Number of protein chains: 2
Amino acid sequence: MKIGELSKRTGVSIRSLRYYEEQNLLVPSRHDNGYRNYSPLAVEQVRTIQFYLSLGLSTEQIAGFLHCVIKNKEAFCQEVLPVYRQKLEEINGQIRLLQHIQSNLEERIQSIMHEQQAHKERDGSYVVTG
Amino acid sequence: MKIGELSKRTGVSIRSLRYYEEQNLLVPSRHDNGYRNYSPLAVEQVRTIQFYLSLGLSTEQIAGFLHCVIKNKEAFCQEVLPVYRQKLEEINGQIRLLQHIQSNLEERIQSIMHEQQAHKERDGSYVVTG
DNA sequence: ATAAACCATAACATTGATGTGAGAGTCAAG
DNA sequence: CTTGACTCTCACATCAATGTTATGGTTTAT
């Protein structure tokens, strides 16, 4: 099938499909006229690539084990586990950082609201509640 | 004080200080020779900017309320609270996404290890523990 | 006066997947 | 044969703060 059809079937843009080829994730054969010729299996392979991308893996990381995953069960690709573990560490670090920022922001918000409240009460303004 | 001294006192690179000026976060006066002339207060202002950046706010967002924060207490800058709340929403969304990826990864890792274990047991290989 | 240290502006590089557009070849239907 | 819908490659744009380098003026110390 040609690139347009694969794009429609998977929802992945033509631009991205060409990029996957450039990154050696999905290299189709070519028609005599130079058009890309994707096998029907490509649909599933694109979905696989999208799944790994959604885990935050880079195309380079994916390229490191995709050839194996396509042929075998994921569990028997030695390359996969360390990549997963490294990514998990990374994700955990990012979560910690975001949670740190999160509590900082919550603290600032609380602090502002308390100060505003105190200000109103000092001024004797009406406090509208409920 | 000149830019080099401010850079040393705050630990922020000269490049970044010039960028802050470009973004209207901290605009110093100039000496006759064109050199930037920072007031002593700039040290504290740079620290303030860095704090907001560490919360993940963009220079544009910071520029939106910094003029106010410098003059008043943060609590009385109307612009601050909505920016904080918006950023908090954003952070919460990012945390949720990362946690989703996190459990996905943990699931994949568990699945792989179970499959490998089952494989070993089927093959009667020695299982080295402890 | 000369060298070292400092300052200025300007512009390009980084990151990574994807958008976008130019210029040109191919193919099917009318 | 022409029009429209595909396709090709190449290359620049995006985001955002910061690094880096080039080129040249200024100040300070020797």
Side-chain angles (χ1 to χ4, degrees), chain A residues 1-38 42 45-64 66 83 86-87 90-91 93-94 97-98 101, chain B residues 1-38 42 45-64 66 83 86-87 90-91 93-94 97-98 101:
Chain A
M1 97 192 69
K2 287 184 287 183
I3 197 169
E5 191 184 342
L6 181 59
S7 171
K8 267 168 204 150
R9 285 213 219 168
T10 59
V12 172
S13 74
I14 290 178
R15 176 68 178 86
S16 294
L17 293 175
R18 295 199 183 117
Y19 180 67
Y20 297 164
E21 177 177 1
E22 194 181 309
Q23 301 298 307
N24 285 310
L25 290 177
L26 181 56
V27 180
S29 61
R30 297 285 182 139
H31 289 283
D32 286 345
N33 59 14
Y35 286 13
R36 288 168 179 79
N37 185 16
Y38 289 94
Q45 288 168 6
V46 169
R47 300 234 164 85
T48 302
I49 292 168
Q50 288 275 299
F51 170 72
Y52 289 128
L53 283 176
S54 79
L55 291 183
L57 301 184
S58 69
T59 54
E60 191 183 353
Q61 287 175 316
I62 298 171
L66 190 63
V83 174
Q86 185 195 326
K87 189 68 197 179
E90 200 180 306
I91 295 282
Q94 289 172 359
L97 176 60
L98 287 176
I101 294 174
Chain B
M1 97 190 72
K2 288 183 287 184
I3 197 170
E5 191 183 343
L6 181 59
S7 172
K8 267 170 203 147
R9 284 212 219 168
T10 60
V12 172
S13 75
I14 289 177
R15 176 67 178 88
S16 294
L17 293 175
R18 294 201 182 115
Y19 179 68
Y20 297 163
E21 178 176 0
E22 193 181 311
Q23 301 298 305
N24 285 311
L25 290 177
L26 181 56
V27 180
S29 61
R30 299 282 183 142
H31 289 283
D32 287 345
N33 57 17
Y35 286 14
R36 288 169 180 81
N37 185 16
Y38 290 94
Q45 287 169 6
V46 169
R47 299 234 164 85
T48 302
I49 293 169
Q50 288 275 298
F51 170 72
Y52 288 128
L53 284 176
S54 80
L55 290 182
L57 301 184
S58 69
T59 54
E60 192 183 352
Q61 288 175 315
I62 298 171
L66 189 62
V83 174
Q86 185 195 327
K87 188 68 197 180
E90 198 181 307
I91 295 283
Q94 289 173 359
L97 176 60
L98 287 176
I101 294 173

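Chain naming here is simple, since letters A, B, ... match the order of the sequence lines and numbering starts at 1 in each. Here the structure is a predicted model, which means the values were calculated and not measured.
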Rounding to an integer number of Å, can you tell me how far [X] [atom1] sits from [N] [atom2]?
| X | N | atom1 | atom2 | result |
| --- | --- | --- | --- | --- |
| B:Leu57 | D:dA16 | CG | P | 13 Å |
| B:Arg18 | D:dT21 | CZ | P | 15 Å |
| B:Ile14 | D:dA17 | CD1 | C1' | 16 Å |
| A:Leu53 | C:dG16 | CG | P | 13 Å |
| B:Ile49 | D:dA17 | CD1 | C1' | 13 Å |
| A:Tyr38 | D:dC8 | OH | C1' | 12 Å |
| B:Glu22 | C:dA10 | CD | C1' | 11 Å |
| A:Glu5 | D:dA5 | CD | C1' | 15 Å |

Considering only NZ, NE, NH1 and NH2 on the basic side and carboxylate oxygens on the acidic side, decide whether A:Lys2 and A:Glu5 come within less than 4.0 Å. no

Phosphate OP1/OP2 of [N]: any [X] side-chain N/O under 4.0 Å:
| X | N | result |
| --- | --- | --- |
| B:Tyr35 | D:dG25 | no |
| A:Ser16 | C:dA17 | no |
| A:Ser58 | C:dG16 | no |
| B:Asn33 | D:dG25 | no |
| B:Arg15 | C:dA11 | no |
| A:Ser13 | C:dG19 | yes |

hbond_proxy A:Arg36 side chain to D:dT7 base (donor-acceptor, 3.5 Å cutoff): no

Please state whether the base of C:dG19 and the side chain of A:Tyr19 form at least one donor-acceptor pair under 3.5 Å?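 Side chain to base: no pair below 3.5 Å.
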
Are any side-chain N or O atoms of A:Ser7 and backbone N or O atoms of A:Ile3, one a donor and one an acceptor, separated by less than 3.5 Å?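 Answer holds: no.
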
Quick check on DNA chain D: between B:Thr59 and B:Lys2, whose nearest nucleotide comes earlier from the 5' end? B:Thr59

For DNA chain C, whose closest nucleotide is more 5', that of B:Arg30 or that of B:Lys8? B:Lys8

If we only count heavy atoms from C-beta on, is the B:Gln50 to B:Val12 side-chain gap below 4.5 Å?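 The answer is yes; the side chains approach within 4.5 Å.
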
Should A:Leu53 and A:Tyr20 count as side-chain neighbours, where that means a heavy-atom distance under 4.5 Å? yes

Rounded to the nearest 0.5 Å, what's the gap from CG on B:Leu66 to OG1 on B:Thr59? Could you check? 11.0 Å

